[in-house]
Every structure is written in C-alpha cells, then in structure tokens.
Student: 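Here it is: the structure, laid out below.
Here is how names work: the chains are called A, B, and so on, in the same order as the sequence lines, proteins then strands, and each is numbered from 1. Every value quoted in this text rests on a predicted model; they were computed, and no experiment measured them.
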Amino acid sequence: MANFEIPKAYEPQKYEDSLYQKWEESGFFNPDNLPGRRQKSFTISLPPPNATGVLHIGHAVMLAIQDLVIRFQRLQGKKTLWLPGTDHAAIATQTKVEKLIKDKEGKTRFDLGREDFLKRVNDYVKKSQNTIKNQIRKMGSSCDWSRERYTLDQGLTLAVHTAFVEMYQDGLIYRRVRVVNWCPRCHSTLSDDEVEYRSVKEKLYWIKYGPFILATARPETKLGDTAVAVHPSDKRYTKYVGQKIMIPGVLGDFEITVVADGAVDPQFGSGVIKVTPAHDFTDFEIAQRHNIAFKQVIDEDGKMMANCGKYAGKTTWQCRQAIVADMQKMGLIEKIEDYDHNLSVCYRCETPIEPIPSKQWFINVTKPIDKFGGKTLKDQALAVVKDGEIKIIPDRFEKVYYHWLENLRDWCISRQLWFGHRIPVYYRKQANSKSETLNPKQQEEIYVGIEPPKGERWVQDPDTLDTWFSSGLWTFSTLGWPEKTKDLTTYHPTDLMETGYDILFFWIARMIIMSTYLLNDVPFRTVYLHGLVRDEQGRKMSKSLENTIDPLDMIKKYGADATRLSLIIGNTPGNDMNISEAKIAGYRNFVNKLWNISRYILMRASSVQLIEKPLQPKTLADNWILFELDNLIDFAAKNLSEYNFSIVGEKIYEFTWLKLADWYVEISKVKSQNSKLTEEILLYILQVLLKLWHPFCPFVTEQIWGQLHSKELLIVQPWPKPLNKINQKVIKDFDLIQNIITAIRNLRVEVKLAPGQKTKAIVISSKAKLILGQVEIIKSLARLDDLKILTKSQKLAKSFSAIIAGAEIYLPVSGMMDIVKEVKRLEAEAQQAKNFISHLQQKLENKRFLERAPKEIINAEKDKLAINQNRLEKIEQQLKTLR
RNA sequence: GGGCUCGUAGCUCAGCUGGUUAGAGCGCAUGAUUCACAUUCAUGAGGUCAGAGGUUCAAAUCCUCUCGAGCCCACCA
C-alpha cells in the first residue's frame, strides 16, 4: 500500500481553479512554448463571444468541443493554437447599453450625443469583458490568452479599414440609394440576414382602386403608390397597360401608371398589385424596370412624412387605422379578411422593419474581379466548398450554403449605429457652406483611406460598419493581417471552425467571402457545425420558460468535466441536443468512478511510477484487457481526428467502467492474481486511459496524473501507442469465462442465495482446460467455495442449471427445490431456442440465400445453428432429469 | 411554395456505406454496505424499431408514399 491519502470522493471545486492556473503558468496554451519538436500546426479561432455577454449553455458546447479537439491535437504532437477573443457585437451591445441608459436615466443616445454615448458603451464593455473571459476559463478552455484579440482593438481596426479600402479600390464597395431594411428603433439599416420573421394574424384589405380591386396588408402605403402592376399575359388588364389613371384616395385623386411585370402572379388575388416603390423591395424593383418615380412617405422613425397631409406624424400603425376608417367612409374598402402574415422584425430588438429608400454602402457580390480572372465574390465562395478546399460537417449543410450564396444579393454594410468601426470614408464640405453639421452624404468630393486625408473641411462618414464585416476577417485579422506576420504564415488557414449552424450565413459564409478575396485563400479547412442545446423535453431554453441550464451553476455543482462530458457524449453534428441536470449528474458519477479506479490502482501499487518499458502480459485477463486497450487507442485516434466525438466518449466510457472497473479490477483482487505485473499493468492502463480521457475531462485527468510522478503535465504528453502484441483468441476465451460467471450469478439470484453465501458449482465444457486455468477467478467473482470442471456430460443429481454457448453450469440443490418453477423456466428457454433454430433452418434451406449470401454469413449462421441445437439438447436432458 | 432534420424500451438517445436472437444511460423492480467508489455493486422487467407499400437471399438500416414533431429559406400583394 502506498503511504498517501487520496480523498474518497472527487470534489472538482477543490482542484479546478488551481489546475487551470497551473496550465496557464506552464505556458503550454501558447504553441511557442510546447515541448518537443512539433512540425505541424493546428489552429482554431474561437468564435468570439460578445464582449458584454455571459456564458450560456451554447458557449459551453462550443468550448467543450473546441477544447477537446485542441487538447487531442496537442497530445498528437501538433503545434496547437486556439486563439481567443471577444466581439464588440455592434448592434447587440449598443442596444443593450441604450436600454440600460433608458431604464436608468430615461435618456436616448441622441440625448447624450455621439461622443458621450460611445464613452458609456466603451466603459461598459471594459467593465464586463472580464466576466466572459473568466467564464471561458472555468470550462477548462486551453486557449492562448497571450494572443487574445478584441474586434475593436487597434490591429483589428486597421484590418477592417484595409479591407474596406481594398474592396473599394477594386470597385466591390459602392454607395447607392436603394430600398433597405430599416429598424426604426435602432435607427439603422440591417442586412437581409439580420431580419427575422414572425408569423402574425393581420388583416388583408381588399380595396377599390380606380378600375381595379386589389388586396393589400398595408393600406397606409397607398400614400406612396405611383403605379399598378399586372402580369404581361393577363388579358383581363391588357387594355390598361401603359395608361395613366387617376385613383381616388383619402387625400384626393392621384395618378398612377399601369405596368405589366412578370413579378405579378395572375393567379393570386385579383392579379393586380399596387406599387409602392419606396417601401417595398419587389415594388422598388418593378419601379426600376419601368422607370417609375418613387415617393417616400415613411421616415426613419417609422412615421408618416409631411407629404401625408393629415396623417403626417402618425406611426404607420396609427396611420393604417385612420386611413382604413377614412376609406371605409369613402366606400373604398371592398372587404377585410383575416390574414396570416410573416412580419419582418429586427433580430436584435424585434421592432417591425420598415423598408425605406436610403443611400447606403454595399458590397457587390456579382461583380467580376479582374485579379481573380473575372470571378465574383459569390463564385469564389462557392468554388472553395464545391472543390473540397473547405469541408462542412455534416455535409448536408453544404447544400444549404450553396443555396444561400446563389441567392445572395448585394450586402448592405453601413449601419447608422454609433458603436462599431467608423467607415473610412471622408467627404469634403463645401467652402461656402454655412452649416456646421452639413449632411456629408450630400457632398460630392470623396476620400477613401485608412488614415484621414490632409487638408481642410473633410468630414468622416458618420456611419459604422456591419459587425459581421469585422468578424468576417476574424481568422486572419487576429493573426496580424494586413502585416505579413509569422503567425499568419504559420497558423493560417486555420484547421477547424467550430460553431452553431445558426450562424452559417451570418458568419461562416462572410468569412469565406472575405478570406478568399483578401488572402486568396480559405479561412479554414473544416467547418464543424453543432446544434442547439435544448431542455430535456426538446424545448428551446428561455428565461420565460424557466428551463435554462446555467453552465456556471453546473460547473459549481458537478464540475467542469461532468458538464463537458454531458455536452459531448450524445451530441452529433448538426443536430440539436437535449440536456438535463440529471445527465450532468450522471457524468459527475462517472468522473468520480474514474477517480476511484485511480485511487484503487494507486493505493495498491507498491511503487507508483510511469510504465515506460514494454509489458509482457501473462494471464488471460491481462491479455484481454490490454487487447481491448490497444483497440481503444486506435479507435479513439481515428475517430477524434474525424470529429466523431460522441462515439469515442462512449467507447472509452464503456472500457473504463464496464471492462476495466467491473472486470479487470475485480479480477486483480483475486489472490492468485496478486503480482507485481498486475500492478504494473494497472498503472499502465491508468496512464493510457488518462491520456485518452484528457481531451474530454481535462481537470480530473490532470489531477490524477499529478500522482504518477511524471516530470511533465498531462496536457503535453504524447498520445499512447498500442502494444500490438496480443492474440485475438483471448477475446473469445475471456468471453466464455465472463459468460460462465454471469450465468452463475444469475442462477444465484434465481435460487435466492444470499449474496454473501458461498456455494458449489459444476461446469461441463469441452474447454475444460481453459476454464481450469481461470478457476480462482470464477470462484471469486461468482462466490463459489468449490468448482468442479468436467469435460463430458454425465448424470448429475437434481440441480439448477444454466446452459450457455460452450458450457453447462449446475448449481447443486441445497434444501428444497421448486421443481415446477425450474421446469417452467427451462421450458421457456427451450422454446426460445427452438424458435431460433427453426428460423435458422429456414434460412439455411433457402436456396437463394445459399447462392447469394457471402460465405462468412452462411458459415456464421451454420455455427449459430450448431451451437443452439447443442444447447437445446442439453436443456432437454436437464428437463428429463428434473421430471 | 422550396429545402432539411427527426419519429427505436417510461425518459434521453446509439445503432456508419443493409447480415448479432435490436443496444446504452437514466428511471423502475429485487437484493447487497468493513475490504477503490452508495456519486457504489449484482440481477431483472421493459421495444411487432411511427404506419403502409417496394427493392433484396436478407431491411431499424436502401426507395416511395402517409401520419406526426421541429428547423431553415422564399418578393406572393
């Protein structure tokens, strides 16, 4: 016995923080400090959480998976870099701070002014940024904090400006008036992807429209109508096409043009639509095709403009009520129907979107780029996935990606937010201008550059860039781009991008677009998409349902290792997973089991040391467990490098608990097995197992490793190598021994023997020699005081029996025996065997089966038949004896 | 309207490119506690693999349809 004490139960809270500190101090999170010669690099860019965020279960999955991969690759001898950072998340952060100020002081950002407001936001970010970073540490994430970045820091800002200028110079960034998604609350544009849809019950108004009757969900936009459109082949309306018609309206008659356009569905409604070019995307396009004027009637606050007469100043909703009432009075409403409608809302504040015309900056995704041989941004982004330069897991998302890209329209990148990267564009104010704050967008003279231009009267564009513009550069801006740094050449392209499928478009696609254009290279080789985490009933977690699971609570209660295991095992890529506290508690139990297995091994070892020399297994059990371990090492390495995490976790779990703890450890307690070799084998298995488990549950494994008198931490150990010495036959042999033991235990329960009570047993088997060799083990694990082994069947006194493949087992009767019950049990078994035999016989009599099935299958079926026929025979003999 | 995922024991899920008498964990039942661990151990009950067709010697696994749950995309007023 070793002369040290290990606590009976593993208490993660006692060790985790100091272990993390030890790792950080070791410097091994930084690839530059890793020991040994490491040629290949392996890089992951951490998807940067919002700087003001707090760790939620979604982050926890992401961190668990990425840390698993990075730790595995580190054990594999790679130069591993996991680069962390935070995102300024322009719209999310600004919205959050605006709300805080509104709630506390009742002020808007406009009350404070740009400068003050930004100061408040930056202070808030600074204050809360450490929260998320420390929470990332709590998960055990082995990321290189020395390379940590923030999307608004100096280097990344330079990258953003450089990217903008380069794209502008290549003509890929342009400014134009178009109808854009406008959030009246944020007071900003949104990209198409930042718009979400809510299905709502609304009204559909059928209105009389001059000679037409048509339906609209938004009668207030009638004030901005300039045309009516019908389908070119719709004969009903041909006579009107090209005409200008006066339409009676609530503000008097107004003139519209009738146009024919393919966008109209003649089957739908009356086949006529009113065209409001300024406040509808389709209508804007129709108007452009037919050169129709547009009339803006809704302003940036979502209110009706001065040109709307008595409706001016009303919100669109108020205006709708008023205008409908007025139209009803005028008899212009034909009917009103209930209507299920998709309402577009802002993805950050849920405010309904108003399409309004506005002059904004866009990225042209369909312009041929000279230096790429005429390929467009779209083409390039499509090609790298189609050509397999980037692999998406699971691959079904590749289709989703193609579909999105193929339908991508120009990306609106300017935002009227204050928080974010200011657009590096400057306008020259006219010298004679009186106004101090002249709207720069009306100026003609423009300068686009990384640094502000020299000279007088230059005013910077007030707008900021879409937050996804800067995160699109994340994989390389964090490595020093636009400088040609050593990090950039060493670690880019990154190897893995691991994130939720919900930001495939927002982020993954944008990164690919930006990287293929700016670096002429992919940002990453593999994309692994995880699913959403839901509650145990599969519901989305939300505060209102009170079903959220806070990973920090779980870490406190069950430990980071258990939390990680529960998020990885049973989780497959692309599919949502359900999680419950019970599941986490289950893995807490497992972690404790691993702890106690180690405790047993360490306490029984006469000297604890790393096993470096090759082992020579002696017994059947030794050979068996080492064979299983060898298989496990290979299986784990292969599948982890292919990103099959769950199955690997399950297999190591099965090995640890069901094979090692339940069998080998129990066998090692048998007196006859008590040898120095057994101790060494146990130590060896432990040392291998800790390495295999380390990527999954780093804390407990590192803590146990600390007992093994290793010079170096577990985190930088080499991945284990299989011994490759073992004979396959041991599996079958050991199987028989296991089955005999289980069968006896089974009989003991059947017979209601007290667990502590020893009994006698007789085993009849052709493999008597094998069994004889394991007699001590069988006696011990099955609690026998005597085991008789016979080769041939012979007449025995009445006894309980278990007939298994390869052996007959008899338990002599002590006292009275319920013969009727025992006969019943055996008859049931006989019947089962008969059914199976006839099933096999049918199969083997089928000519087509014999002709077409592969030889191995046929032979396997024949073997099964023989075994079961033999078994049936034995059962019937026993039945005869009993009767 | 287009596309995708899922439907296997009471619950959560494994079962890959078709070939075991369909598995695991939790829960449940019975029993066990000096001897690493009750955050434990032993044993057991529980499923015609959503339904219907088809392909095949062979289908939970491949194809078609139906039903049910959910997600994504789309300019249908």
Student: Given the ring of A/Y600, does A/K669 sit roughly above its face, with NZ or CZ under 6.0 Å from the centre of the six-membered ring and within 45° of the axis?
Tutor: yes

Student: Using the test salt bridge (charged side-chain N to carboxylate O under 4.0 Å, His left out), find all partners of A/K758 that sit at least two apart in sequence or belong to another chain.
Tutor: none

Student: When we call it a touch if two heavy atoms are under 4.0 Å apart, what does A/K399 touch: a base, just sugar-phosphate, or nothing?
Tutor: sugar-phosphate

Student: What's the verdict on ring pair (Phe, Tyr, Trp, His ring centres under 6.0 Å) for A/Y587 and A/Y558, showing C-alpha distance, side-chain angles and the deciding distance?
Tutor: CA-CA 8 Å; A/Y587 285 107; A/Y558 303 106; over 10 Å; no

Student: What pairs of nitrogen or oxygen atoms, one from the protein and one from nucleotides 39-45 of chain B, lie under 3.5 Å apart?
Tutor:
{"residue": "B/U39", "atom": "O4'", "partner": "A/N589", "partner atom": "OD1", "Å": "3.0"}
{"residue": "B/U39", "atom": "O2'", "partner": "A/N592", "partner atom": "ND2", "Å": "2.8"}
{"residue": "B/U39", "atom": "O2", "partner": "A/R588", "partner atom": "NE", "Å": "3.4"}
{"residue": "B/U40", "atom": "OP1", "partner": "A/N589", "partner atom": "ND2", "Å": "3.4"}
{"residue": "B/U40", "atom": "O3'", "partner": "A/K593", "partner atom": "NZ", "Å": "3.2"}
{"residue": "B/C41", "atom": "OP1", "partner": "A/K593", "partner atom": "NZ", "Å": "3.0"}
{"residue": "B/C41", "atom": "OP1", "partner": "A/W657", "partner atom": "NE1", "Å": "2.4"}
{"residue": "B/G44", "atom": "OP1", "partner": "A/N746", "partner atom": "ND2", "Å": "3.0"}

Student: Quick one: closest heavy-atom pair of A/E679 and A/S606, and the distance?
Tutor: OE1-OG, 2.8 Å

Student: B/G54 and B/G68: how far apart are their C1' atoms, nearest whole angstrom?
Tutor: 23 Å

Student: Sort me out a list of protein N/O and nucleotides 69-76 of chain B N/O pairs below 3.5 Å, or just none if empty.
Tutor:
{"residue": "B/A74", "atom": "N6", "partner": "A/N342", "partner atom": "ND2", "Å": "3.2"}
{"residue": "B/C75", "atom": "O4'", "partner": "A/T282", "partner atom": "OG1", "Å": "3.4"}
{"residue": "B/C75", "atom": "O2'", "partner": "A/T282", "partner atom": "OG1", "Å": "3.2"}
{"residue": "B/C76", "atom": "O2", "partner": "A/D265", "partner atom": "OD2", "Å": "3.3"}
{"residue": "B/C76", "atom": "N3", "partner": "A/D265", "partner atom": "OD2", "Å": "3.2"}

Student: Each nucleotide N or O in nucleotides 17-24 of chain B that has a protein N or O under 3.5 Å away: list the pair and distance.
Tutor:
{"residue": "B/U20", "atom": "O3'", "partner": "A/K864", "partner atom": "NZ", "Å": "3.2"}
{"residue": "B/U21", "atom": "O4", "partner": "A/N868", "partner atom": "OD1", "Å": "3.3"}

Student: Show me the side-chain donor-acceptor pairs of residues 639-646 of chain A shorter than 3.5 Å, one per line, residues at least two apart or across chains.
Tutor:
{"residue": "A/N639", "atom": "OD1", "partner": "A/N644", "partner atom": "ND2", "Å": "3.0"}
{"residue": "A/N639", "atom": "ND2", "partner": "A/F635", "partner atom": "O", "Å": "3.0"}
{"residue": "A/S641", "atom": "OG", "partner": "A/A637", "partner atom": "O", "Å": "2.9"}
{"residue": "A/S641", "atom": "OG", "partner": "A/K638", "partner atom": "O", "Å": "2.9"}
{"residue": "A/S646", "atom": "OG", "partner": "A/G570", "partner atom": "N", "Å": "2.7"}
{"residue": "A/S646", "atom": "OG", "partner": "A/E650", "partner atom": "OE2", "Å": "3.2"}

Student: Can you pull every protein N or O that's under 3.5 Å from an N or O on nucleotides 31-35 of chain B?
Tutor:
none

Student: With no hydrogens and no angle check, is any side-chain donor or acceptor of A/H279 less than 3.5 Å from a backbone partner on A/P355?
Tutor: yes

Student: What's A/E856 touching, base or sugar-phosphate or nothing? Going by heavy atoms closer than 4.0 Å.
Tutor: nothing

Student: With sequence neighbours left out, what residues match A/Y10 under ring-ring contact (aromatic ring centres under 6.0 Å, His included)?
Tutor: A/Y15, A/W595

Student: Centre of A/Y205's six-membered ring, under 6.0 Å away, within 45 degrees of the axis: is that where NZ or CZ of A/R320 sits?
Tutor: no

Student: If a pair means Watson-Crick or G-U wobble with both distances below 3.5 Å, what does RNA chain B look like in dot-bracket form, with | marking bases paired to a different strand?
Tutor: (((((((..((((.....[...)))).(((((.......))))).....(((((..]....))))))))))))....

Student: Considering only atom P, compute the distance from B/G15 to B/G23 and round it to an integer number of Å.
Tutor: 16 Å

Student: Could you tell me whether A/E829 contacts a base, only the sugar-phosphate backbone, or nothing, with contacts defined as non-hydrogen atoms closer than 4.0 Å?
Tutor: nothing

Student: So what does A/V272 touch, heavy atoms closer than 4.0 Å: a base, only the sugar-phosphate, or nothing?
Tutor: nothing

Student: Going by the rule side chain to side chain contact (heavy atoms under 4.5 Å, CB included), which residues pair with A/Q13 if we only count those two or more places apart in sequence or in a different chain?
Tutor: A/E11

Student: Can you tell me which residue pairs pass the ring pair (Phe, Tyr, Trp, His ring centres under 6.0 Å) test with a partner in residues 835-855 of chain A, sequence neighbours excluded?
Tutor: none

Student: I'd like to check the ring-ring contact (aromatic ring centres under 6.0 Å, His included) partners of A/Y401; sequence neighbours left out, ordered by chain and number.
Tutor: none

Student: Rounded to whole angstrom, note down the C1' distance from B/C6 over to B/C13.
Tutor: 12 Å

Student: For the ring-ring contact (aromatic ring centres under 6.0 Å, His included) test, which of A/Y347, A/W404, A/Y501 pairs with A/F506?
Tutor: A/Y347

Student: Going from NZ on A/K862 to CD1 on A/I857, what distance comes out if it is rounded to the nearest 0.5 angstrom?
Tutor: 13.0 Å

Student: Quick one: does A/R748's side chain have a donor or acceptor within less than 3.5 Å of a partner on A/A754's backbone?
Tutor: yes

Student: Which listed nucleotide (B/A77, B/U12, B/C4) is nearest to the side chain of A/N578?
Tutor: B/U12

Student: Could you pull out all residues at least two apart from A/W693 that satisfy ring-ring contact (aromatic ring centres under 6.0 Å, His included)?
Tutor: A/F590, A/F696

Student: Check A/L594 against A/I704 and note the closest heavy-atom contact, atom names and distance.
Tutor: O-CD1, 4.2 Å

